[in-house]
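To find a chain, count down the sequence lines: A is the first, B the second, and so on, and within it residues start at 1.
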Amino acid sequence: MNVFAHVQGRIVAALEALKSEGKLPADLSLASVGVPDEPRDPKHGDMATNAALALSKAAGMKPREVADMLAAKLAADPEITKAEVAGPGFINLTFAPSFWHGLIRDVLATADAYGRSQFGGGETVDIEYVSANPTGPMHIGHCRGAVFGDALASLLAHAGYKVTREYYINDAGAQVDKLGQSAYLRYLEALGESIGEIPPGLYPGEYLKPIGAALAKKYGHALKQKPDDERVAICRQAAIDTNLAEIKEDLGQLGVHHDVFFSEASLTKGRDRIGEAIAKLKAKDLIFQGALPRPKGHDEDEWEEREQTLFRSTAFGDDMDRALQKSDGSYTYFAGDVGYHYDKLERGFAHYFNVLGADHVGYIPRLKAVVSALSDGKASYATPVCQLVKVLRDGQPVMMSKRAGTFVALRDVVDEVGKDAVRFMMLTRKNDSPIDFDLKKVLEQSKDNPVFYVQYAHARCASALKRGQAEVPGLDIAKVTSGKGDLSALDDPAELDLIRQIAKMPRMIEGAARDREPHRVTYYLYDLASSFHQLWNRGNDSPHLRFIRAEEPGLTEARLTLVAATKQVISSGLGVLGVHAPDELR
RNA sequence: GCGCCCGUAGCUCAGCUGGAUAGAGCACUCGCCUUCUAAGCGAGUGGUCGCAGGUUCAAGUCCUGCCGGGCGCGCCA
């Protein structure tokens with residue numbers, strides 16, 4: 001149950017009643033009546049609605065006038081104990097404790113389904129993320145997009161969308177040819193030949209050595225006899241396969257899984273989807289032969305004008321038209337993306353997401369142009385950008401340089417701090433803000449470390465339930481965890497605060513899904529954990545507030561039911577983030 | 001030069017469909033352990049929400065301009 005939507009329904013019903021009583025104009029549109037909000041100041045009650053303010057103009061009445069009528073109507077609702085008009089025309093609502101107790105029962109009855117919604121209406125969504133080139137291991141820079149894309153995917157799934165997670169493999173083009181050449185050198189090396197330095201432009205990484213060794217084992221000296229392009233093709237495929245397997249393993253350790261791995265090379269196998277896409281664009285008069293203008297910031301003498309096949313992306317707001325074929329006639333990388341998006345559109349999703357790294361922002365206008373052109377502007381296509389991750393150790397930047405081979409491998413980080421910490425920390429910022437990721441801090445077991453703080457709250461819940469069962473003889477734990485017990489003893493303001501926090505989850509999920517902001521889940525969980533820790537510690541100063549009161553089984557039952565509901569919400573919230581909710585911390 | 005993003009407390013950042021007195025953590029000051037985990041909790045100090053206009057009953061939030069910072073910008077991938 002989403003209590004905010006629930007109360008909105010009550011408000012609309014009250015307004016309809018006023019309309020039929022002739023107290024409000026019968027033709028008054030209630031579309032501007034929003035979801036009630038939680039007031040900033042708790043003294044203002046549990047929820048506030050600005051309905052009177054929003055309607056007064058259309059109703060031709062003073063805001064206070066509308067508010068007074070509406071408040072009187074709402075006060076008659078048995079769940080509402082107080083409906084007061086305040087300020088310019090807000091109505092502050094206070095609910096009976098039984099209203100909140102019902103929510104707790106609902107949480108436990110629906111369990112993991114609490115917080116889920118039908119917001120997405122079963123619409124299909126395709127999310128492309130990671131798509132790291134299979135030319136080497138994953139490094140820390142890839143991991144933010146991986147975690148963000150994965151969390152966004154499960155968030156949307158939670159909010160009622162049907163989600164496909166997709167990875168685009170760049171296994172065609174010049175870079176993978178260079179990869180093949182590099183692997184061939186490592187193969188020669190494995191056969192005992194002296195290869196010297198890896199030439200500039202090729203991949204010098206150590207990770208190609210085992211690939212070369214495997215090739216040497218499989219082919220012996222036979223590869224050397226084959227023609228150049230054939231042996232490079234063999235080495236290329238071997239390197240791609242191995243690298244991709246490594247990438248999948250790295251992603252698996254991070255808890256990231258894709259439904260579809262789409263090969264760039266496959267675009268022109270069987271059917272030539274690049275050609276088909278270009279033909280389709282050509283029919284729309286968006287393809288032409290021409291020369292690109294010299295971009296600003298380039299000297300005239302280093303600029304050579306060339307005639308080539310271009311896509312008219314300027315018709316869609318891009319800075320310049322984009323090349324589809326190189327001067328030698330082969331496709332550009334962009335042409336591959338044209339074919340790929342053509343294929344995606346053909347598969348027919350309601351929404352498309354393409355999670356990109358900060359270094360790809362310049363690429364966005366042409367992607368949007370292609371999708372818009374191919375779908376006649378009909379496709380819903382978004383390209384969330386993940387900003388850079390700055391890796392620190394104890395406040396000091398960890399130097400990263402591909403050339404020096406000192407980039408931070410994703411696997412090393414996951415091995416060092418664990419999947420949960422990496423995932424949670426990557427979601428503690430909006431995707432378009434840069435992140436500082438401190439390897440030391442995420443291992444701290446303290447309040448400074450939000451991962452720990454939230455997991456600790458969950459562990460405390462588990463501990464309280466366990467002890468309750470052991471220490472309170474008459475306690476029926478099944479009654480507690482199913483929410484079937486008597487909750488009337490839950491009336492302390494601190495307890496009701498925690499319940500109100502729990503009540504926010506469904507709305508939070510919908511808002512986060514609507515705005516594609518998984519980071520809101522982490523903030524929510526932090527706040528929820530904070531409310532729980534607060535209540536727990538109230539028991540230090542005021543023993544009568546402790547969850548477990550051996551001499552009062554009824555009270556214990558009610559309080560532990562609240563604990564069980566808290567545990568449930570933390571657990572399913574962490575589930576959206578792909579972070580484990582442990583029953584105890586070591 | 002152009003495009004995108006960011007600018008909120010000393011620092012790092014939240015702020016949801018515009019709503020009442022702008023929030024959290026860190027840092028700083030003070031208080032709390034014979035306790036269901038003090039691996040924590042409470043209180044206090046601290047802000048012209050970059051600047052200037054505009055829309056609105058109401059702007060940190062929407063619009064315009066400017067200032068400052070980040071990223072990107074030919075057939076690379």
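Put simply, the side chain of Asp37(A) and the base of A20(B) share no donor and acceptor less than 3.5 Å apart.
Using a 4.0 Å heavy-atom cutoff across all strands shown, Asn50(A) reaches at least one base atom of the nucleic acid. Within 4.0 Å (heavy atoms only), Arg514(A) reaches sugar-phosphate atoms of the nucleic acid but no base atom. When heavy atoms are screened at a 4.0 angstrom cut-off, Asn92(A) is found touching base atoms of the nucleic acid. Residue contacts for His519(A): at a heavy-atom cut-off of 4.0 Å it reaches the sugar-phosphate backbone alone, with no base atom in range.
Between the CZ atom of Phe424(A) and the C1' atom of G25(B) there is a distance of 13 Å, given to the nearest Å. Regarding Lys390(A), its NZ atom lies at a distance of 13 Å from the C1' atom of G69(B), rounded to whole Å. Distance, Asp438(A) CG to U12(B) P: 14 Å, rounded to whole Å. In this structure, Asp321(A) atom CG and C73(B) atom P are separated by 18 Å, rounded to whole Å. U37(B) atom C1' lies 11 Å from atom CD of Glu584(A), rounded to whole Å. With rounding to whole Å, Arg64(A) atom CZ is found 14 Å from C57(B) atom C1'. Taking atom CG of residue Leu475(A) and atom P of nucleotide C36(B), one finds them 17 Å apart after rounding to whole Å. Protein atom CD of Glu38(A) is 21 Å distant from nucleotide atom P of A14(B), rounded to whole Å.
Regarding contacts with the backbone of A24(B), every side-chain N or O of His533(A) stays at 4.0 angstrom or more from both OP1 and OP2. Taking side-chain N and O atoms only, Lys430(A) has a distance below 4.0 Å to OP1 or OP2 of G15(B). Between Arg460(A) and G40(B), a side-chain N or O to OP1/OP2 separation shorter than 4.0 Å is absent. Between Ser433(A) and the phosphate of A14(B), there is a side-chain N or O to OP1/OP2 separation shorter than 4.0 Å. For Tyr526(A), no side-chain nitrogen or oxygen approaches OP1 or OP2 of G15(B) to under 4.0 Å. Residue Gln387(A) places no side-chain N or O under 4.0 Å from the OP1 or OP2 atom of C6(B). For A77(B), one of the phosphate oxygens OP1 or OP2 lies less than 4.0 angstrom from a side-chain nitrogen or oxygen of Lys326(A).
Checking C71(B), A77(B), C36(B) against every side-chain atom of Ile548(A), the shortest atom distance belongs to C36(B). The side chain of Trp536(A) lies closest to A38(B), out of G3(B), C41(B), A38(B). In this structure, of C13(B), C36(B), A77(B), it is C13(B) that holds the atom nearest to the side chain of Arg429(A). For Val361(A), the listed nucleotide lying nearest its side chain is G72(B); candidates were A77(B), C13(B), G72(B). Each of G19(B), C76(B), C13(B) was ranked by its minimum atom distance to the side chain of Leu53(A); first place goes to G19(B). Checking A77(B), A14(B), C2(B) against the side-chain heavy atoms of Tyr523(A) singles out A14(B) as nearest. Side-chain proximity of Ala174(A) to C13(B), C76(B), G3(B): nearest is C76(B). Picking from A38(B), A14(B), A77(B) the nucleotide with the shortest atom distance to the side chain of Tyr363(A) gives A77(B).
Nucleotides G65(B) and U55(B), compared at atom C1', are 15 Å apart to the nearest Å. Spacing between C67(B) and A43(B) at atom P, rounded to whole Å, works out to 44 Å. A52(B) and C13(B): their C1' atoms are spaced 27 Å apart (whole Å). A38(B) and G70(B) are spaced 46 Å apart, taking the P atom of each and rounding to whole Å. For the P atom pair drawn from C63(B) and G18(B), the interatomic distance equals 11 Å after rounding to whole Å. C26(B) sits 24 Å from U48(B) when the C1' atoms are compared, rounded to a whole Å. Here the separation of U61(B) from A9(B), taken at their P atoms, is 15 Å to the nearest Å. Between A59(B) and U17(B), the distance separating the two P atoms is 16 Å to the nearest Å.
No donor-acceptor contact under 3.5 angstrom links the side chains of Gln175(A) and Asn133(A), judged on distance only. Asn354(A) and Tyr129(A) share no donor-acceptor pair across their side chains, judged by distance under 3.5 Å alone. With 3.5 Å as the limit, one finds a donor-acceptor pair spanning the side chains of Arg460(A) and Tyr456(A).
Listed here is the closest heavy atom pair of Ala513(A) and Leu156(A): O-CD2, 3.7 Å. Residue Ala558(A) comes nearest to Ala489(A) through the heavy atom pair CB-CB, 4.1 Å, listed as atom of the first residue, atom of the second, then distance.
Sequence order on RNA chain B of the closest nucleotides to Gly173(A) and Ile364(A) puts Ile364(A) first from the 5' end. In terms of position along RNA chain B, the nucleotide closest to Glu471(A) lies nearer the 5' end than the nucleotide closest to the other residue of the pair Gln308(A) and Glu471(A).
When side chains are defined from C-beta on, Asp337(A) counts as touching Tyr363(A), because their heavy atoms get closer than 4.5 Å. At least one side-chain heavy atom of Leu74(A) sits less than 4.5 Å from a side-chain heavy atom of Ile11(A).
Ring-centre distance between Phe532(A) and Phe547(A): below the 6.0 Å cut-off.
Contacts with RNA chain B (heavy atom under 4.0 Å) in residues 502-512 of chain A: none are found.
The environment of CD in Glu551(A) is crowded: more than 12 heavy-atom neighbours from other residues, nucleotides or ligands sit within 6.0 Å.
Relative to the six-membered ring of Phe288(A), Arg312(A) meets both conditions, a distance below 6.0 Å and an angle of at most 45° to the axis.
Evaluation of Phe90(A) against the base of A20(B) yields a stacking contact (centre distance < 5.5 Å, interplanar angle < 30°).
Classified by interplanar angle (parallel below 30°, tilted 30° to 60°, perpendicular above 60°), the ring pair Tyr168(A)/Tyr340(A) is parallel.
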Where each pair must be Watson-Crick or G-U wobble with both distances under 3.5 Å, what dot-bracket representation of RNA chain B is obtained, with crossing pairs in [ ] and other-strand partners as |? (((((((..((((.....[...)))).(((((.......))))).....(((((..]....))))))))))))....
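Remark: Lys62(A) engages Glu65(A) in a side chain to side chain contact (heavy atoms under 4.5 Å, CB included) (not counting sequence neighbours).
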Given the rule in the salt bridge (Lys or Arg N to Asp or Glu O under 4.0 Å) test, do Lys504(A) and Glu38(A) qualify, once you have shown the distances and angles that lead to the verdict? CA-CA 9 Å; Lys504(A) 288 184 193 172; Glu38(A) 198 187 44; 3.0 Å; yes
